[in-house]
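Whatever order the structure lists them in is the order used to number ligands and atoms, beginning at 1.
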Amino acid sequence: MTAHPWTDPDRPIEQRVSALLEAMTLEEKVGQLHQVVNPDPIQDAAALAVGAFGSCIVASGAHAGNTRDAGTQAETVNALQRAAVETSRLGIPLLVARDVIHGHRTVFPIPLGQAASFDQDLVRQCARAAAREASADGVRWTFAPMVDVAQDPRWGRVAESWGEDAWLSAHLGAAAVEGLQGGPDGGRLADPESLAACAKHYVGYGLAQGGRDYAEVDVGPVTLHNRHLRPFAAAVDAGVATVMTAFHTLDGTPMTAHVGLVREHLKGRLGFAGVAVSDWDAVGELVQHGVAQDTRQAAALALRAGVDIDMVTGGYAAHLAGLVRDGSVPAELVDDAAARVLGLKLRLGLFDDPYTDPGRAAAVQLTPEHRALARRAAAAAIVLLRNDGVLPLAVGPDGARHLHVTGPFATARAELFGTWTLDGRPEDAVTIADAVRERFTDGATTVTVDDGRFLDETLIAARAADVVLACVGEHPMRSGEANSVTSIDLPPGQVETLEALARVSRRLVVVVLTGRPLALERLDHVGAALLLAFHPGVEAGHGIVDVLAGDVPPRGRLPVTLPRSTGQVPLHHDHLPTGRPLDPAGPVGRYRDHQDTPLHPFGFGAGYSEVVYGQVGLSSPTLEPGGTVQVSTRVANVGTRPAVETVQLYVRDEVARISRPVSELVAVRVVTLAPGQAQEVTFDLDARMLGYRDANGAECCEPGTFTVRVAPHAGGGTSASFELLGAAGGGAS
Ligand code: BGC
């Protein structure tokens, strides 16, 4: 590699970037802003030699990324890097990106499933493992985490989200950023096992009208600031290296061209110093949105808005230099965007060593440690919705002697992975049937299996079994990008199948594998137990069986409200009060044809033991603006099995200048309780946890009465009130 001032690792990064910019032509700077798909070191040799593109995405592009493709390997990336570094004038390495969303070769539960753990550490560890594995294939940038707050389960991308709650999305999103980047505050990007993370899709994408992917979004500024911008602010605080702008229009302006929200808010007010990248071809789509005549105008709009990299349209590559030369776009905007991209490459250590050791993949992918983590994560994602005592499964001489496993997921492999898993291999997956056989087959218990293709056969087998395990749910292609549904019921025919099974089996256990919250009311009286497992990943079978057997206490909690029917959506716990609240003792609600309440509230999840909550106690009836108040309660495991309890703290601001949600999650504590054990759980509450943002995004926290509730879920718990004695420089964080 030729020595240049920018290749000197001892110089500060800013100096190295400035030296580069001074040496670069306008075309070379624009090249850094152009991202291509699947380049080839030989076919694209000429482009690489002139620095025509600065980054690439390895993707099939088919079915919005939901089709498994050939992937990437260190050797291929090394060949690309060699061409970029050795044949170009300035030797600028490439940034190689891929959608590593919830694991790489080791597939972890979909983000919505990980969210059910309510566990930042677990999310951080999964992200770290994914980074180790993907970086071994030459990838140094992923388009994750998605931090869109998702309150409409019709929208397929709810699978990629952390659910409906802004606090949970902010905390788990930040944990994922830290895991991918190797630590907090920007992490250890130069570690060859780190990936640059990307908080996406900025902003409000979860509000796509009717749950139709890509559709317009209309949202008021208070909701935008308090709910949808919050996880992005948290990602920026965690040092996220990149942010992706979303596809949709927000109140008429496409996010790819939104000066106010991208350049002014994200890069200005939030102080985001990293790289903003468009979504796939979103620069070109400005023409479809009807805000640009052609790609040339689209390129100008996007760059002015603050989008640094044009993902695959080629609009920047074709037009930016001309736009600068004819004065339509200031040269400083290109310089700023190029500086951000170059700064990221330097922070990733790519100028110091752009190559990946081809031997590393075999050593770090699908290791026993990563498998064990995937197993833990799969189990932690499972939400026990109902259990009449059949679980944990007792087998052998005193329990079931014959288990029958059925349903489309009984022997499924790749389908266990869920949406956006490009590098998982079906042969790696542990099927539910195999895990049941492994755990339960012994001299006294037999396991039979069918995949439910012929219901008559299944019914005969079910009748003969002591316990039937039915593994139903959605195919991964029913959730994820561009996969919306008009009905969040189980796919057609499954409820009828389960009803038929329940007629011939007294002990029917139903496991639902899904990419979204489903309306499961019709299963309320079908079967003896019901579990929601989301799409659990490569260790699905083990994770599910660990919970069924009681080897691991069920601990998943709903990261989304479970509606009774599709017609209720959107339905989320942190809604505003109405002027006419429902009387709990009065008629069931406003709908003429159904109840207003959800089937299960946000945060709900049962265990195998009963946990009771005591009264909430406060250390003081008042809170000084700079002080803290301790909120505590006693949680007791009064059952006979271990429990992992997710203790949730909710707040309500009783009177403020704007109407505030009926309950907001502000903290969570996960405690493990042995049978008979009780524990005092104390939260330190300060004014920063009570604040909100007004329509201008300014932080507010007004004095007055606040009610706190410590609860097992958004619909329960006991509460107490205190007075905040003065205005505080609060603000949701
Ligand atoms: C998706 C993004 C993804 C990108 C690159 C787009 O269609 O919206 O989430 O990262 O493609 O594959």
Which ligand 1 atoms does [X] reach within 4.0 Å, using its non-hydrogen atoms?
X	result
K200	2 (C), 3 (C), 9 (O), 10 (O)
D279	1 (C), 2 (C), 3 (C), 4 (C), 6 (C), 7 (O), 8 (O), 11 (O)
F143	10 (O)
I57	5 (C), 12 (O)

At a non-hydrogen distance cut-off of under 4.0 Å, which region of [X] contacts ligand 1 (side chain, backbone, both, or neither)?
X	result
W420	side chain
E481	side chain
R98	neither

For this output row, return yes or no: ring centroids of H248 and Y205 closer than 6.0 angstrom. yes

Taking the six-membered ring for Trp, are F247 and W280 closer than 6.0 Å centroid to centroid? no

Answer yes or no: is there a donor N or O on one side and an acceptor on the other, between the side chain of D44 and the main chain of P39, under 3.5 Å? no

Okay, side chain of H289, backbone of V291: is any donor-acceptor separation there less than 3.5 Å? no

Angle class for the F602/F118 ring planes (parallel below 30°, perpendicular above 60°, tilted otherwise)? tilted

Taking only non-hydrogen atoms of R157, do any sit less than 4.0 angstrom from ligand 1? yes

In a check of side-chain contact (heavy atoms from CB on, under 4.5 Å) between I110 and each of E160, H535, R516, which one passes? H535

Of V569, L571, D165, the residue whose pairing with T561 passes side-chain contact (heavy atoms from CB on, under 4.5 Å): L571

Winner among E160, H201, M311, M244 once heavy atoms are compared against atom 9 (O) of ligand 1: H201

